[in-house]
K.L.:
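Right, I'll just put the structure down here and ask away after.
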Amino acid sequence: MHLHVADHPLVAHKLSVLRDESTPSATFRQLVDELVTLLAYEATRHVRTQPKEIRTPVTTTTGVQLSSPSPIVIPILRAGLGMLDGMTRLLPTAEVGFLGLQRDETTYEAVTYAERLPDDLDGRQVFLLDPMLATGGTLVAAIDYVLQRGARDVTAVCLLAAPEGLKVVEEAVGSRADVQVVVASVDERLDENKYIVPGLGDAGDRLYGIV
Ligand SMILES: O=P(O)(O)OC[C@H]1O[C@H](OP(=O)(O)OP(=O)(O)O)[C@H](O)[C@@H]1O
Ligand SMILES: O=c1cc[nH]c(=O)[nH]1
Ligand SMILES: [Mg+2]
């Protein structure tokens, strides 16, 4: 697994406003969207491309275009949905699939309740979207799922990760070089309820709750 932590003053600024408990849902949603766009730039560094002959007004030259079949973007419901628009703004030709996973708040096990993915994941490049990587259970389940369906190159885009969860993901994917995790911040730890500290609270509630 390869971990990339975005190191950028704009990311740090937007993340600080996101963490603030007084930030209302509307602002929270807007900031998540802006942060994803910044993270997507890093996350797509190895998006597959192929050469393409183009004609400029002056001459012909060889440019690049995104390879076909296109990448697949998969938000993990519910909170990952808040990251979808920011990601598809940069990858407008991507296919989109959906995975619904919810963490049981007593066992902390991830339970799958919905799945709507493109039929053919064989060899495809996949971008998983989920703002929070806490125990890592949800992301490991999602990565396992798409790898079992044949995906060959998986990048998870998260806002916050706990060191404990990153270790779990690293142990689960072993030495696979084609699994990347891109995060805005690796926080300090998990608390007794497996919430990320300092974190931002419950991402789903803050995105979609009435605050
Ligand atoms: O790393 P883990 O310990 O598995 O926890 C992280 C998961 O918890 C949150 O989702 P939640 O289960 O709260 O569902 P929601 O998005 O519907 O709120 C978050 O969006 C991740 O999917
Ligand atoms: O801190 C956390 C941990 C899991 N899920 C969240 O939304 N927040
Ligand atoms: Mg939640």
Side-chain angles (χ1 to χ4, degrees), residues 1 3 5 14-29 31-33 35-36 39-40 43 72-87 96-117 126-147 154-173 179-211:
M1 179 192 99
L3 173 68
V5 185
K14 291 177 193 295
L15 204 49
S16 300
V17 184
L18 208 62
R19 292 182 191 278
D20 188 332
E21 65 176 1
S22 67
T23 298
S25 281
T27 313
F28 193 93
R29 280 198 287 271
L31 283 165
V32 168
D33 185 71
L35 274 163
V36 172
L39 293 181
I72 301 172
V73 173
I74 303 175
I76 300 176
L77 310 178
R78 179 184 48 153
L81 208 49
M83 301 170 75
L84 181 60
D85 284 354
M87 193 71 192
V96 179
F98 297 90
L99 271 181
L101 286 161
Q102 184 160 20
R103 187 174 86 156
D104 182 304
E105 290 301 337
T106 44
T107 64
Y108 307 113
E109 299 264 321
V111 179
T112 306
Y113 63 85
E115 178 260 301
R116 189 82 167 91
L117 297 176
V126 168
F127 293 90
L128 292 169
L129 309 178
D130 193 335
M132 309 302 274
L133 197 176
T135 66
T138 301
L139 189 57
V140 167
I143 291 173
D144 277 352
Y145 194 81
V146 296
L147 288 178
V154 182
T155 300
V157 187
C158 304
L159 298 183
L160 301 185
E164 297 92 324
L166 284 170
K167 193 157 173 268
V168 166
V169 176
E170 177 125 47
E171 282 167 6
V173 301
V179 177
Q180 283 86 232
V181 178
V182 175
V183 296
S185 167
V186 177
D187 275 11
E188 285 167 26
R189 61 185 171 85
L190 295 176
D191 71 6
E192 58 283 6
N193 298 313
K194 310 288 186 202
Y195 269 73
I196 298 174
V197 179
L200 50 75
D202 188 305
D205 288 354
R206 294 204 60 192
L207 275 163
Y208 302 116
I210 302 160
V211 184

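Counting starts at 1 for both ligands and their atoms, in listed order. Along the sequence shown, residues are numbered consecutively beginning with 1. Any value given below was found using the heavy atoms of this structure, including those in side chains, with hydrogens, waters and symmetry copies removed.
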K.L.:
Give me the one residue out of V32, L39, D33 that meets side-chain contact (heavy atoms from CB on, under 4.5 Å) with V36.
P.N.:
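Filter result, single survivor: V32.
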
K.L.:
Just do the side-chain contact (heavy atoms from CB on, under 4.5 Å) check on I72 and L117 with the steps written out, would you?
P.N.:
CA-CA 9 Å; I72 301 172; L117 297 176; 5.6 Å; no

K.L.:
Test: salt bridge (Lys or Arg N to Asp or Glu O under 4.0 Å). Region: residues 97-117. Which pairs qualify, not counting sequence neighbours?
P.N.:
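Those involving residues 97-117 are R103-E105, E115-R149.
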
K.L.:
Is the side chain of Y208 donor-acceptor paired with the backbone N or O of G82 at a distance under 3.5 Å, no angle test?
P.N.:
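Such a contact is found between Y208 side chain and G82 backbone.
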
K.L.:
Search all heavy atoms of A142 against all heavy atoms of L128 and return the closest pair with its distance.
P.N.:
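Heavy atoms only, the tightest pair is CB-CD1, 4.0 Å.
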
K.L.:
If a pair satisfies side chain to side chain donor-acceptor pair (under 3.5 Å) and one of its residues is in residues 162-173, list it, with sequence neighbours excluded.
P.N.:
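Side chain to side chain donor-acceptor pair (under 3.5 Å) check on residues 162-173 returns no pairs.
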
K.L.:
Check D205 with R78, please: is the shortest side-chain N to carboxylate O separation under 4.0 Å?
P.N.:
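So R78 pairs with D205 through a salt bridge.
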
K.L.:
Around ligand 1, what residues show up once you keep those with a heavy atom under 4.0 Å from it?
P.N.:
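Under the 4.0 Å cut-off, ligand 1 touches L77, R78, A79, Q102, R103, D130, M132, L133, A134, T135, G136, G137, T138, D202, G204.
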
K.L.:
Can L200 and F28 be said to form a side-chain contact (heavy atoms from CB on, under 4.5 Å), step by step?
P.N.:
CA-CA 10 Å; L200 50 75; F28 193 93; 3.9 Å; yes

K.L.:
Looking at the Mg ion (ligand 3), is one of the N, O or S atoms of D202 less than 2.8 Å from it?
P.N.:
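Coordinating: yes.
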
K.L.:
Is the side chain of D130 donor-acceptor paired with the backbone N or O of C158 at a distance under 3.5 Å, no angle test?
P.N.:
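Pair absent, no side-chain N/O of D130 close to backbone of C158.
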
K.L.:
Could you pull out every N or O of ligand 2 that sits under 3.5 Å from a protein N or O, with the distance for each pair?
P.N.:
{"from": "ligand 2", "atom 1": "1 (O)", "to": "I196", "atom 2": "N", "distance (Å)": "2.8"}
{"from": "ligand 2", "atom 1": "7 (O)", "to": "A203", "atom 2": "N", "distance (Å)": "2.8"}
{"from": "ligand 2", "atom 1": "8 (N)", "to": "G201", "atom 2": "O", "distance (Å)": "2.8"}

K.L.:
Can you name the closest pair of heavy atoms from A43 and V182 and give their distance?
P.N.:
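In this case the closest contact between A43 and V182 is CA-CG2, 3.9 Å.
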
